[in-house]
Amino acid sequence: MNNIQLSYNIERRDFSRAGEASSNIKKALRQLGVNSATIRRVAVATYEAEMNIIIHSEGGTIGVTVDVDKIRIDAKDTGPGIENIEMAMKEGYSTATSEVRELGFGAGMGLPNMKRCADEFSIESSKGNPTKVSIIIYQ
Amino acid sequence: MNLREVKQLLDAEVLLGEESLDKEIKTVFACDLMSDVLAFVEDKTILLTGLVNPHTIRTAEMMDINAVVFVRGKTPDEETLKLAKETNIVILSTKHILYTSCGILYSNGLCGANLVTR
């Protein structure tokens, strides 16, 4: 089987459409017959990535590659980058505004939660540069 | 317990999904922080919250939560209800505060949701 690729553009500060990409990814995986526990892990990871791109970045993309044995998620943005990745990975640490917190987000759980859902997790970022998060979840 | 009993116990109004009230539920999770729902919930559970916006519904959708109870008499706007309809999520609204709502359900045998241990 060839792998199946999905890709979604995410606009910065586009709160009204937040979650649409993750919802579409979830539906696509269901149609492909992926088991529900795996789908949920992918859904949480993509939703957190989507919110992060909307809240913190200048915009970006979420790509999902479905293979027979694994699902790969690539979330990329165009900046402005994370100054301190170690802090960003800490549960409870957040640079989100009060506006974002009022929506129920910005609790500093995004990146740690993505990592929790992942079998393999990597993040590349630095101040003034794009951020790239890659996640692999085995089926 | 099914959603019909939850509705009766909380004296709640059904805003969406009257036809799905026979759905069986086993556990409850309650909070206003959607990040925590995404981080901690493992079960297919119901969500009690005072946070009324489309993100609550999106979060429920991601977690396969098929019923949301809005507390403190809050009612969602049209956009939120539309999304709930699209995603087949039952919406109830109760005048009780979160603490009281949880107390009522707990004392009638509903336990808290199992949390992620991964």
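Residue numbers start from 1 in every chain, and the chains themselves are labelled A, B, ... in the order their sequence lines are given, proteins ahead of strands.
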Pick whichever of B:Val52, B:Thr59, B:Asp36 has the most heavy-atom pairs under 4.5 Å with chain A.
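Of the options given, most contacts go to B:Thr59.
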Any side-chain heavy atom of A:Tyr47 within less than 4.5 Å of one from B:Leu38?
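Side-chain contact under 4.5 Å: yes.
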Heavy-atom cut-off 4.5 Å, strictly under: side chain, backbone, both or neither for B:Thr56 against chain A?
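When you check distances to chain A, no heavy atom of B:Thr56 falls under 4.5 Å.
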B:Asp32 versus chain A, the contacting section by heavy-atom distance below 4.5 Å:
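Answer is backbone: N, CA, C or O of B:Asp32 sit under 4.5 Å from chain A.
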Between the main-chain N or O of A:Arg12 and the side-chain N or O of A:Glu58, is there a donor-acceptor pair closer than 3.5 Å?
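Pair absent, no side-chain N/O of A:Glu58 close to backbone of A:Arg12.
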List the steps and the verdict of salt bridge (Lys or Arg N to Asp or Glu O under 4.0 Å) for A:Asp74 and A:Lys132.
CA-CA 7 Å; A:Asp74 289 292; A:Lys132 190 179 156 193; 5.6 Å; no
Any chance NZ of B:Lys74 has more than 12 other-residue heavy atoms, nucleotides or ligands included, within less than 6.0 Å?
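For B:Lys74, atom NZ is crowded (more than 12 foreign heavy atoms under 6.0 Å).
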Looking at A:Met109, A:Arg101, A:Met114, which one has more heavy-atom pairs under 4.5 Å with chain B than the rest?
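The option with the most such pairs is A:Met109.
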Residue part contacting chain B, namely of A:Glu48, when any heavy atom lies under 4.5 Å:
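Side chain only.
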Does the pair B:Lys82 and B:Glu79 meet the rule for a salt bridge (Lys or Arg N to Asp or Glu O under 4.0 Å), with working shown?
CA-CA 5 Å; B:Lys82 186 168 161 259; B:Glu79 196 192 344; over 6 Å; no
